[in-house]
Amino acid sequence: MANAFGIIASSGTHIKVEGLLDYRPIAAFSFLGRYRVIDFPISNMSNSDIDHIQVYIRRKPRSLVEHLGTGRHYNINSKKGRLQILFAQNSSENDVYNTDIAGYLENIEMIERVHQPYVIIAPSYMVYAANYDTLLQTHIDSGADITLLYHSVDNAKEAFLNCDILNLNKQKGVESIEKNRGSAKNRNIFMDTYIMKKDLFVELIHKAKKMSSMITLPQIVNASCSELDIRGVAHRGYFASITDFKSYFDANMSLIDLKNSLNLFNPEWPIYTRTNDSCPTQYFDNADVKNSVVSNGCLIEGTVENSVIGRGCQIKKGAVVKNCVILANSIIDEDVHVENQVIDKWAQITREREIVAEAGHPGYIRRDDIL
Amino acid sequence: MANAFGIIASSGTHIKVEGLLDYRPIAAFSFLGRYRVIDFPISNMSNSDIDHIQVYIRRKPRSLVEHLGTGRHYNINSKKGRLQILFAQNSSENDVYNTDIAGYLENIEMIERVHQPYVIIAPSYMVYAANYDTLLQTHIDSGADITLLYHSVDNAKEAFLNCDILNLNKQKGVESIEKNRGSAKNRNIFMDTYIMKKDLFVELIHKAKKMSSMITLPQIVNASCSELDIRGVAHRGYFASITDFKSYFDANMSLIDLKNSLNLFNPEWPIYTRTNDSCPTQYFDNADVKNSVVSNGCLIEGTVENSVIGRGCQIKKGAVVKNCVILANSIIDEDVHVENQVIDKWAQITREREIVAEAGHPGYIRRDDIL
Amino acid sequence: MKQNNMLAMILAGGRGSRLHELTNKVAKPAVSYGGKYRIVDFPLSNCANSGIDIVGVLTQYESVLLNSYVAAGGRWGLDARESGVFVLPPREKADADLDVYRGTADAISQNIDFIDNYAPEYVLILSGDHIYKMNYAKMLAYHKEMNADATIAVIEVPMKEASRFGIMNTDGEGHIVEFEEKPEHPKSNLASMGIYIFNWKLLRKMLLTDMKNADSHHDFGKDIIPQLLADNRTLAAYKYQGYWKDVGTIDSLWEANMDLLDSNNELDLNDPTWKIYTEDIPALPQYIGPDAKINRAFITQGCIVEGEVKNSVLFTGAKVGKGAKIIDSVLMPGVEVEENAVVQRALVAEDIHIGSGACVGSADSEHIELIFKRVKGVE
Amino acid sequence: MKQNNMLAMILAGGRGSRLHELTNKVAKPAVSYGGKYRIVDFPLSNCANSGIDIVGVLTQYESVLLNSYVAAGGRWGLDARESGVFVLPPREKADADLDVYRGTADAISQNIDFIDNYAPEYVLILSGDHIYKMNYAKMLAYHKEMNADATIAVIEVPMKEASRFGIMNTDGEGHIVEFEEKPEHPKSNLASMGIYIFNWKLLRKMLLTDMKNADSHHDFGKDIIPQLLADNRTLAAYKYQGYWKDVGTIDSLWEANMDLLDSNNELDLNDPTWKIYTEDIPALPQYIGPDAKINRAFITQGCIVEGEVKNSVLFTGAKVGKGAKIIDSVLMPGVEVEENAVVQRALVAEDIHIGSGACVGSADSEHIELIFKRVKGVE
């Protein structure tokens, strides 16, 4: 019943996650075993009483369409509310045309037909919890034209290299948005999250189109910094941005620590997902599991350490899994040793006895692969 | 609980419906006001106890994805059953690559993972009622490798020109499948409906791929006529094939006659659709409606004759609508006269006082158009 | 999380005996209305549209149809993960025998455990048999703004009819200072609509006391509201403006249907921002035959009209044969009027057949005739 | 249209008093089992997987949780358009006062109107408190094949235990020729599972007669089945093979949970072609701490294990602190075992806290200890 509708944007073409992205958009990536990345922005919106949500998809829609369904599992009333999946045509002529703005333009009547006066735009490649209802109130009270969410970090030299940063004045006014070039430790990472009036959003879309077919939403907002009152609001709590393979691996690993996890998950702010109706996980006589996050439906007879195990995996007798992120339905066969790997869905490691990558440089095993 | 899963194929690239097809695939075309074309094959499957259905979409998926949802409104159990939407990438390089076989190959694991031993493949551009469960039993009892459904017509010279025909021997064996060239009145129109073992289907897909990237399912089946036992089974009852603009218009018009309609609709064989929660239609003082099919949510003050009116349309005072198919949410303003038109959704006819096409050559008014 | 921390309880136990044969087999809230709806669709759709997720429906009398009907919460979108419509008939408990609900307040008292499960801050109490559209979220905002212990929705009625209602007398700031049930000499024209918002903690305490009070009728109007006033609690009156109808008699049910024929009827069922949701029955679109004549009518899918319909409402699947005339009448679902029959100023109950050539009702009757038995043809 | 024209009625009225405090607040079918399930999930999932669309659940005693739980039919996919789970407690009727169900047959008799609404050809009667997986569609096929008036599912029990059951004596072709309730000298080891398929028309007629019979217990086993035999009706016995358990006592509930720890347990909850569906609670995946030790365990999402778990089943949200030991035990949902506490051969009820250092249960007790009150820490 909020005064805003939500948009979950498809991730920009500059974001490449080797391997995983071949099969699905980042929004549909498995996360921490039982979630998908998009569960976070949608749950944030649903918990913030936003019941009309538009999800933009550019490519490989199958898994996302199936996961989203009609949104009932996100607690969205299917009559009053609406989880709308909108498709942006993926131009194969030249990837530069595949901007977020192009997707919005393609579906502009769907945006114009919404009756809520405000829009909240959130990314589908970032993991965080935030109350958009409170933010909307902050936005309205401040009188700003656009409110942007950011997270202050002290590791911007080595992390968040594919993200934008906000340059703020003392009053939290946004002076510019620019790429993080890794030139300073302390930065305000832009969380790709916008709050503004729907009308202004539509105006910006049209304005961008007139400027260039390659311009993106952050670019047109940056170009409007002098004319409009654009403000930053700081976010606190857990924050991860999945912009490459390493950051995907690291985000999963960081949440094995229960302390970090409780910084993201809060019983008062549930993160919903689609159930798979898996039964509990069975640990056998010889199981040896430590410091790990395990999903339901697994059969574990081997050793698991410091890993995230997806739904329905089998870790057979004598197998050793260390520092791995294993996606659903994979099988690690007897006496196989895997370390520092991301293992995609339905993979079976049977013949290869040892697949070990060095720490800090995780390896990737393809979906449905038999090794 | 049938022994078969269902496939609803996307319509072939040779089928062009001017105007309407620019906005959605034929499967998503509005039909007889409150239905969409795909409601017919899905209801046939659901009524035949088929609870795993794969729908293939190649382009413009939005309206179809929204209409299908999770299939609850088709009476498909969302836990035990599955209405799966599968996407075939639309190659923009060359349309000849966009075959049905290419779509199946792209999703071959999804087909292989199904546990039902039989598959029933139905088209998304034909309107008919059929009990697939009975047909499956017929198929199994006959011992045939493939069973094809056909409809005998006596107007194949002027209609069904874009369809295939079956050449049958005395025992209903299929000798060949070929295009209807309009060379004879009496033909067995192939209803693009197949029953076979899943394994044979997968085999045919791979065989087709090896032969040529342009080959389609009817072509590979035709090529197998000498090796396999392929039989035709005749269908009785209402049958329409939407392969061009005229046949779309004619199919709608034919069902204004209650006698034809009762040949398609049967209380024991409900055709399900997604409700829009429209209220009943309101007829005002000056309304004059005759021989028409009207959907809910309309406001009618004018004259309507021999027409199909979609949901939420307004026919204002003094307006005259004759021999038209009007899609949802269109407005025919005061004193406007429209005749022999297909008027797409959200159109408003306000300024133009008369839009009349000659009988047999219906006109088309674009979606969202203001005239 | 969700800020609208309010649970709704719909009192749907009314027998509706003044609706005669219409409620022989169904409870009043399940009676058909407006072509495709049932009365209870209105409070349920209002709840859904107001962002309420949990709705309890208190049923009592002969409610197999009502129970099955409301249990399918998906009709109102009330079946998302943390949402649901729950049918609550009287129950046998560990410490109490199975007993009927003794009054409106007792119905809530007997379901304190149900409400406690959801730990709501506010509870909205509604009647299941009124036709209206109301945004309860706005009423809750008013309740909070007034810092009230309880808020009662009121509607202005003509002063001369006020003595038929429970009348709220308010001070200048909208606080209720007095409540009079059907006063002979009403001091105001603000009638209670039987819609209450309570702070759950307070109501819970009052109900526990009321349950033990042998002298209580266990009724909101007769006991709980007077007690709140006696306790000097803050009671706010929330003024509602718009269509509101209690369809307690055949005449008023007919009237409420006729109201829909006005071109600018206040209820406006066509408003896309506040839809009324209902059961979705597979049915053909309306078939209007070549010789049909339709004039001021409200007709829904599944109807087949081959005759004349004037100033009438046709419910799902109603059929009007060639030459038949339906004038100033309501045909409930599945009614079939055969060729050349005439129906006038009548309400024809579900699935009734009127034989060919028969005449029912009359143009100048004082009351609307209820047809609840098959009428034979005369040809 | 749908060929499986069978409606299911689940008898879920049992108080389950031998489960002691576990059923103080919930009816037996709602008792938790197997980490994330409730017992009633089994018959309901079996119905869904067997292609049954309409399920009536007959409840009686203190069923607010059970009622709310089963009403959300979407959990089992039983919320498609022509599908639903309907809670059926005793009702007040036009011609009868509100009364409890007098027996299993009476529960069906009182809901004849509900069943008639769907006009099924067959009615499946089930008990709501058994754990098993069965394809009722196959049982129906057998019923048709046998041309039976009624079919009863039976399971072979050890001959020496047969006198604890209702025993079916059959002829060579699978027809039931005699039924003996708990016979002292059983003639066969085919025990009734309390699962019946009836031709509805016949059952309906028998129930109408039974209702009026003052001498009847209104019970399927005691009255309806003997009457069918007396009438020389065709009764078929459908032999079931597989896991089947009545969890009537704390010991047997514990045992049924322990059965899940076997590597090849017969119930096989992991079978993708016959899933058991249940409530979907938002919860984290399992967190296994750096010092945890897990050996033979069945653990579900929402659990946090920092201590040792051996030969035990942990339900949703159970927490095991550092140094704590859970041995041969069952921790129901929300149980928290603090640091260094020891739980052995015990079944700890929902949401119970075991304080740090406390010891409950013992390795050599004859019966499993039920812990239903908070246990204070000893440090």
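Below, chain A is the first sequence line, B the second, and so on; all start at residue 1. Bear in mind the structure is a predicted one, so any value in this text is a computation, not a measurement.
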Query raised in the report: So which part of L314(C) gets closer than 4.5 Å to some heavy atom of chain B, the side chain, the backbone, both or neither?
Result: neither

Query - Interchain contact, R311(B) with chain C, by part (heavy-atom threshold 4.5 Å) - result: neither

**Report entry** Engaged part of S278(B) at the chain C interface, taking heavy atoms whose separation is under 4.5 Å
**Finding:** backbone

Query raised in the report: Aromatic ring centroids of Y238(B) and F265(B) under 6.0 Å?
Result: no

Query raised in the report: Considering only heavy atoms, which portion of D39(B) lies under 4.5 Å from any heavy atom of chain C: side chain, backbone, both, or neither?
Result: neither

Report task. State, yes or no, whether a side-chain contact exists between V87(C) and V70(C) at a heavy-atom distance under 4.5 Å. Result -> yes

Report summary line: Turns out that what part of Y37(C) lies under 4.5 Å from chain B's heavy atoms comes down to side chain

Query raised in the report: Of the backbone (N, CA, C, O) and the side chain (C-beta and beyond), which part of D262(C) lies under 4.5 Å from a heavy atom of chain B, both, or neither?
Result: backbone

Query raised in the report: Among N286(B), I271(B), L32(B), which has the most heavy-atom pairs under 4.5 Å with chain C?
Result: L32(B)

Query raised in the report: With a 4.5 angstrom heavy-atom cut-off, which part of I300(B) approaches chain C: side chain, backbone, both or neither?
Result: neither

Query raised in the report: With a 3.5 Å cut-off and no angle check, do the side chains of S43(B) and Y74(B) form a donor-acceptor pair?
Result: no

Report task. Under the side-chain hydrogen bond (donor to acceptor under 3.5 Å, both in side chains) rule, what do W254(C) and D328(C) come out as? Steps first, then yes or no, please. Result -> CA-CA 9 Å; W254(C) 176 87; D328(C) 301 332; over 6 Å; no

Report task. Look at T273(B), N306(B), N291(B) and state which one has the largest set of heavy-atom pairs under 4.5 Å with chain C. Result -> N291(B)

Query raised in the report: Between atom CD of Q301(C) and atom CD1 of I281(C), what is the distance when rounded to the nearest 0.5 Å?
Result: 8.0 Å

Query raised in the report: Side chain, backbone, both or neither: which part of L299(B) has a heavy atom under 4.5 Å from chain C?
Result: side chain

Requested in this report: Report yes if the distance between the aromatic ring centroids of F40(B) and Y128(B) is under 6.0 Å, otherwise no.
Outcome: no

**Report entry** Contacting moiety of L255(B), where chain C heavy atoms sit under 4.5 Å
**Finding:** both

**Report entry** Interface residue of largest heavy-atom contact number with chain C, from N296(B), I256(B), D277(B), D257(B), under 4.5 Å
**Finding:** N296(B)

**Report entry** Side-chain heavy-atom pair T316(C), C303(C) within 4.5 angstrom cut-off
**Finding:** no

Query raised in the report: For K246(B), does the NZ atom have more than 12 heavy-atom neighbours from other residues, nucleotides or ligands under 6.0 Å away?
Result: no

Query raised in the report: Heavy atoms, side chains only, cut-off 4.5 Å: are D41(C) and Y277(C) in contact?
Result: no

Report summary line: Pair count under 4.5 Å, heavy atoms only, with chain B: among K293(C), R296(C), R75(C), K275(C), highest is R296(C)

Requested in this report: Could you tell me which of V305(C), V309(C), T300(C), L269(C) has the largest number of non-hydrogen atom pairs under 4.5 Å with chain B?
Outcome: T300(C)

Query raised in the report: Is the centre of the Y364(B) ring less than 6.0 Å from the centre of the Y248(B) ring?
Result: no

Query raised in the report: Given the options I299(C), D291(C), N270(C), V313(C), which has more heavy-atom pairs under 4.5 Å with chain B than any of the others?
Result: I299(C)

